[in-house]
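Quick notes on the structure that follows.
Reminder, nothing fancy here: chain letters follow the sequence lines and each chain counts from 1. Atoms considered below: every heavy atom in the structure, side chains included; atoms not considered: hydrogens, waters and symmetry mates. What you see is a predicted model, and the numbers here were worked out from it, not measured in a lab.
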Number of protein chains: 2
Amino acid sequence: MKEERDITTEQRILKAARKVFIEYGFNGARMQLIADEAGINKALLHYYFRSKEQLFDVVFTDLLARFQIAFFTILASDKPLIEKIRLMVEEDIELLMKHPEMPLFIISEVARNPEKTARRANAAKISSLFKEFSRQVKEGIAEGEIREVDPIDLLMNILSLNRFPFIGKPMIQSVIGLSDDRFQKLMKSRKRSVAELIIGDLKNRTTTGGK
Amino acid sequence: MKEERDITTEQRILKAARKVFIEYGFNGARMQLIADEAGINKALLHYYFRSKEQLFDVVFTDLLARFQIAFFTILASDKPLIEKIRLMVEEDIELLMKHPEMPLFIISEVARNPEKTARRANAAKISSLFKEFSRQVKEGIAEGEIREVDPIDLLMNILSLNRFPFIGKPMIQSVIGLSDDRFQKLMKSRKRSVAELIIGDLKNRTTTGGK
DNA sequence: TTTGTATTTAACCAAACGGTTAAACCTATT
DNA sequence: AATAGGTTTAACCGTTTGGTTAAATACAAA
């Protein structure tokens, strides 16, 4: 008579925890605030989740799967390289526009405790997904479809252009002044322009200097 | 008989505080740890800096100037556009390679307290430096030197490609496995490749799809 | 040597924190 | 209506935290 009904309370707690952890980070978050946000008492919180760290783990593992593994799954899907890159940009930016605080939250918490992340995110799986992509890139190079490029370098360019704007948003807004509305429009237009920047670089780069 | 000699102690404190704040963030940092790191007692810490927040302010304002204002100063220097962009990439990455933890630290702390940042970093000045750059970009477009582009978009691309790799380093390392040595080499090669990516996009982009 | 001032310390404090306990409260089954 | 088990709460606990205090120490100027 428990398993079925308490979906409500447990999910209210998880939703509240997600909100508070994302806003304040693990160190800044307070169990009392999570309890308030969920409309319950602090002791009940510990009844459902034994400790702050355990609650955080549940919340974080879930978010990691939704935002990291989703990206790497597209990265290893069986689409043609160019189409795939366009998808990796457009779908990722689309998702991040709905959750602009996620990239900074995830990266901060991984940096706070890198050892745990490998276990939590099933790093072995992601690593193998990346190797699959890596193979596809080398294939594209061999066939002359794209220029010579290090797959890690390519991945970094895509992740950088997709995610930095959301990570640096508070910084950029407070320093050069940029309304939320303007930011939103900019991100929308970036879905196309970032894809073209990356693909253009792969298909027809002309050396602009040196060796 | 004070002003002259205590440079030693005060600077030892600042150095220790910098290290601890950067490693743990404001919320994770402990005054006791800063005191230990500086080789002094906690009370002496409060003798020199009345509160944790005040000490943090001194440390953070200084770092903000060194890493943000430096970048925006190059951005508004009186060099030709293309040469300037190359400099903005190469010098920024060069600096970040010596201080890889800085971008994530700065962005996290700005996000934690955006209101304060505007005052701290002299946002008005940076904003005017950016307007100067913005004017130069429009000039380059009018003269047909580069393609049509939103200056904010251009700035975001440069900042993204420069800084995200350092921000996402722990994430990427724990997820796809990437040694510090390999990372270092990658960043070194990016000084050239990122500049070419940006400049190539500005000088000869060919539309790869749609309208 | 004495005096005044800068420097350093150990001991202490109140508040906030994560976490526990034991009892009360529902509510469905018998 | 009695029972049993899931659910909720107020009160409490030990620790850690940022911060204070008052006294000791070093040392230059008188």
Side-chain angles (χ1 to χ4, degrees), chain A residues 1-62 105 108-109 112-113 116 120, chain B residues 1-63 105 108-109 112-113 115-116 120:
Chain A
M1 295 80 202
K2 165 198 194 173
E3 306 287 321
E4 247 54 37
R5 199 176 53 265
D6 67 344
I7 295 172
T8 335
T9 296
E10 185 172 333
Q11 286 194 336
R12 272 217 327 270
I13 292 177
L14 284 173
K15 190 177 171 187
R18 216 177 299 139
K19 181 178 172 187
V20 172
F21 279 134
I22 288 174
E23 182 165 357
Y24 298 99
F26 180 83
N27 280 324
R30 301 291 164 237
M31 291 299 267
Q32 185 61 60
L33 186 58
I34 294 175
D36 293 350
E37 191 77 32
I40 54 161
N41 180 290
K42 204 178 47 161
L44 184 57
L45 205 56
H46 285 93
Y47 174 81
Y48 276 91
F49 299 93
R50 213 155 255 141
S51 69
K52 184 183 182 182
E53 198 151 337
Q54 190 195 108
L55 174 56
F56 180 83
D57 267 14
V58 173
V59 168
F60 192 66
T61 303
D62 173 59
F105 172 66
S108 297
E109 296 302 329
R112 189 177 59 82
N113 199 341
K116 257 194 177 176
R120 260 194 293 230
Chain B
M1 297 77 204
K2 162 202 198 172
E3 308 287 321
E4 248 55 36
R5 199 176 53 264
D6 68 342
I7 294 171
T8 335
T9 298
E10 185 173 334
Q11 286 194 335
R12 271 213 333 266
I13 292 177
L14 284 173
K15 190 177 171 185
R18 215 176 300 138
K19 181 177 172 188
V20 173
F21 279 133
I22 288 174
E23 183 165 355
Y24 299 98
F26 180 83
N27 281 324
R30 302 288 164 238
M31 293 298 268
Q32 185 61 60
L33 186 58
I34 294 174
D36 294 350
E37 191 77 30
I40 56 162
N41 179 291
K42 203 179 49 159
L44 184 57
L45 205 56
H46 285 92
Y47 173 81
Y48 275 91
F49 299 92
R50 214 154 255 140
S51 71
K52 185 184 183 184
E53 198 151 336
Q54 191 195 108
L55 174 57
F56 180 82
D57 268 14
V58 173
V59 168
F60 192 65
T61 304
D62 174 58
L63 290 175
F105 172 65
S108 297
E109 295 303 327
R112 190 178 58 83
N113 199 342
E115 313 90 43
K116 257 193 176 175
R120 260 195 292 229

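Summarising the geometry, the separation between OH on A/Y24 and C1' on C/dC17 is reported as 16 Å, rounded to the nearest angstrom. C/dT8 atom C1' lies 15 Å from atom NE2 of B/H46, rounded to whole Å. At whole-Å resolution of the value, CG in B/D36 and P in C/dA10 are 12 Å apart. The OH-P distance, from B/Y47 to C/dT7, rounds to 5 Å in whole Å. Rounded to a whole Å, the CZ atom of A/F56 is 14 Å from the P atom of C/dG18.
Distances shown here put a side-chain N or O of A/T9 below 4.0 Å from the OP1 or OP2 atom of D/dT8. Proximity of B/R30 to the phosphate of D/dG18: a side-chain N or O atom is located under 4.0 Å from OP1 or OP2.
Remark: the A/D36 side chain and the A/Q32 side chain contain an N/O donor-acceptor pair separated by less than 3.5 Å.
Counting distance only, with no hydrogens placed and no angle test, the side-chain atoms of A/K52 and the base atoms of C/dG19 include no donor-acceptor pair under 3.5 Å.
In the displayed structure, A/F26 atom CZ is contacted under 6.0 Å by more than 12 heavy atoms of other residues, nucleotides or ligands. Counting non-hydrogen atoms of other residues, nucleotides and ligands closer than 6.0 Å to NZ of A/K19 gives a total of 12 or fewer.
Checking C/dC17, D/dA10, D/dG19 against the side-chain heavy atoms of A/N41 singles out D/dA10 as nearest. Of the candidate nucleotides C/dT9, C/dG19, D/dG18, C/dT9 has the atom nearest to the side chain of B/L44. In the set D/dG19, C/dG19, C/dT8, the nucleotide with an atom closest to the side chain of B/Y48 is C/dT8. Minimum atom distance to the side chain of A/S51 is reached by C/dG19, of the listed C/dT8, D/dG19, C/dG19.
Using a 4.0 Å heavy-atom criterion, one finds that B/A35 contacts no nucleic acid atom at all.
Along DNA chain C, the nucleotide nearest A/A43 and the nucleotide nearest A/Q32 are compared for position; the residue whose nucleotide lies closer to the 5' end is A/Q32.
Tested against A/I13, the residues A/V58, A/L45, A/V59 include a single side-chain contact (heavy atoms from CB on, under 4.5 Å) partner, A/L45.
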